Amino acid sequence: MKRAICTGTFDPVTNGHVDIFERAANLVDELTVCVFVNKKKKCLFDIEERVDLLREATLHIDNLTVDSYDGLVANYIKERDINVIIRGLRSAVDFEYEYNQAQMNKHLAPEADTIFLMTAPEYLFISSSAVRELALFGGDVHGLVPKCVEMMIKSKKFTDN
């Protein structure tokens with residue numbers, strides 16, 4: 001059985017992420033989307049909210065489960081016998097960062113391989129950080145994120161406007 005993981009902070013999950021998840025799920029028997037704690041990032045949503053939003057945004061993907069973890073990707077995949085890491089790429093800049101991460105994961109978990117999926121052209125400009133900035137300044141995130149995320153952003157009213 002081929003088991004894979006997509007990792008990230010997903011703060012918030014975007015339509016680009018969901019597209020990668022849908023395509024990745026077609027390549028494997030089981031796909032785990034795992035929200036990892038990144039102590040360097042100031043997040044818009046807490047980890048429980050991100051997990052809940054991911055679950056709602058991916059209900060339509062039958063072989064996908066959502067989890068969270070505070071630790072190294074290599075440890076998570078070893079504990080769960082996952083042998084494929086799937087990462088989405090938007091640009092050459094993403095590749096440079098992701099390639100280094102893939103090499104470190106290969107060093108720590110030699111049994112796992114990383115597969116890169118190119119982002120669909122219509123999502124190239126969407127990033128979680130851009131969506132966070134839009135949300136903080138009261139911008140319109142419609143069409144950039146799943147409906148559940150859009151509604152959560154509207155309900156939080158991050159700005160004083």
Side-chain angles (χ1 to χ4, degrees), residues 2-45 47 50-51 53-78 80 82-135 139 141-150 153:
K2 199 51 93 173
R3 302 173 76 202
I5 188 170
C6 289
T7 63
T9 51
F10 306 113
D11 185 48
V13 61
T14 69
N15 288 339
H17 290 130
V18 175
D19 174 65
I20 293 291
F21 304 154
E22 289 168 347
R23 294 183 309 151
N26 287 328
L27 300 174
V28 297
D29 300 308
E30 292 179 10
L31 178 65
T32 300
V33 173
C34 192
V35 180
F36 275 77
V37 174
N38 185 336
K39 293 173 171 74
K40 294 183 276 184
K41 282 190 180 177
K42 183 178 182 326
C43 291
L44 202 59
F45 298 111
I47 199 155
R50 286 179 274 151
V51 166
L53 289 168
L54 273 162
R55 285 187 177 132
E56 188 171 343
T58 59
L59 277 173
H60 64 287
I61 307 172
D62 293 334
N63 62 334
L64 184 147
T65 58
V66 178
D67 199 3
S68 64
Y69 192 73
D70 186 2
L72 296 173
V73 172
N75 292 342
Y76 184 93
I77 64 175
K78 284 179 182 178
R80 289 157 181 85
I82 295 172
N83 52 8
V84 177
I85 302 166
I86 298 177
R87 302 293 295 169
L89 296 177
R90 290 173 296 153
S91 67
V93 174
D94 283 353
F95 175 76
E96 190 171 316
Y97 173 80
E98 294 293 345
Y99 180 79
N100 289 328
Q101 290 295 108
Q103 293 303 316
M104 180 58 77
N105 285 327
K106 190 67 171 172
H107 172 75
L108 296 172
E111 65 282 359
D113 286 308
T114 299
I115 296 173
F116 298 117
L117 290 180
M118 297 306 301
T119 301
E122 61 267 30
Y123 303 121
L124 284 173
F125 69 98
I126 303 172
S127 69
S128 291
S129 56
V131 171
R132 277 195 309 276
E133 187 170 357
L134 270 173
V141 299
H142 181 74
L144 305 177
V145 295
K147 190 69 171 166
C148 58
V149 175
E150 182 180 351
I153 287 172

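Just so it is clear, the structure is predicted and the values come from calculations on it, not from any experiment.
Listed here is the closest heavy atom pair of Ala4 and Ile86: CB-CD1, 3.8 Å. Of all heavy-atom pairs spanning Cys6 and Ala24, the tightest one is SG-CB, 4.4 Å.
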For the pair Ile85 and Asn105, evaluate side chain to side chain contact (heavy atoms under 4.5 Å, CB included) and give the outcome as yes or no after the intermediate values.
CA-CA 9 Å; Ile85 302 166; Asn105 285 327; 3.9 Å; yes
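Side chain to side chain, Ser127 and Arg132 fail the donor-acceptor criterion of an N or O pair below 3.5 Å.
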List, one per line, each side-chain donor-acceptor pair under 3.5 Å for residues 109-121, sequence neighbours excluded.
unit_1 : atom_1 : unit_2 : atom_2 : d
Asp113 : OD1    : Lys106 : NZ     : 2.9
Thr119 : OG1    : Leu89  : O      : 2.9

Can you give the donor-acceptor pairs under 3.5 Å from side chains of residues 8-18 to other protein atoms, not counting sequence neighbours?
unit_1 : atom_1 : unit_2 : atom_2 : d
Thr9   : OG1    : Lys41  : NZ     : 3.0
Asp11  : OD1    : Leu44  : N      : 3.3
Asp11  : OD1    : Phe45  : N      : 2.9
Asp11  : OD2    : Leu44  : N      : 2.6
Thr14  : OG1    : Gly16  : N      : 3.2
Thr14  : OG1    : His17  : N      : 3.2
Thr14  : OG1    : His17  : ND1    : 3.2
Asn15  : ND2    : Gly143 : O      : 2.9
His17  : ND1    : Thr14  : N      : 2.9

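The environment of His142 atom NE2 is sparse: at most 12 non-hydrogen atoms of other residues, nucleotides or ligands sit within 6.0 angstrom. Within a 6.0 Å radius of CD in Glu133, no more than 12 heavy atoms belonging to other residues, nucleotides or ligands are found.
Once rounded to the nearest 0.5 Å, the distance linking OG1 of Thr7 with OH of Tyr76 reads 10.5 Å. For the atom pair CG (Leu134) and CG (Leu144), the distance works out to 6.5 Å, reported to the nearest 0.5 Å.
Lys2 places no side-chain N or O within donor-acceptor distance of the main-chain N or O of Val84, the cut-off being under 3.5 Å. Looking only at distances, a side-chain donor or acceptor of Arg3 sits under 3.5 Å from a matching main-chain atom of Arg80. Side-chain atoms of Asn63 come within 3.5 Å of backbone N or O of Val28 as a donor-acceptor pair.
For Tyr99, the ring-ring contact (aromatic ring centres under 6.0 Å, His included) partners are Phe95, not counting sequence neighbours.
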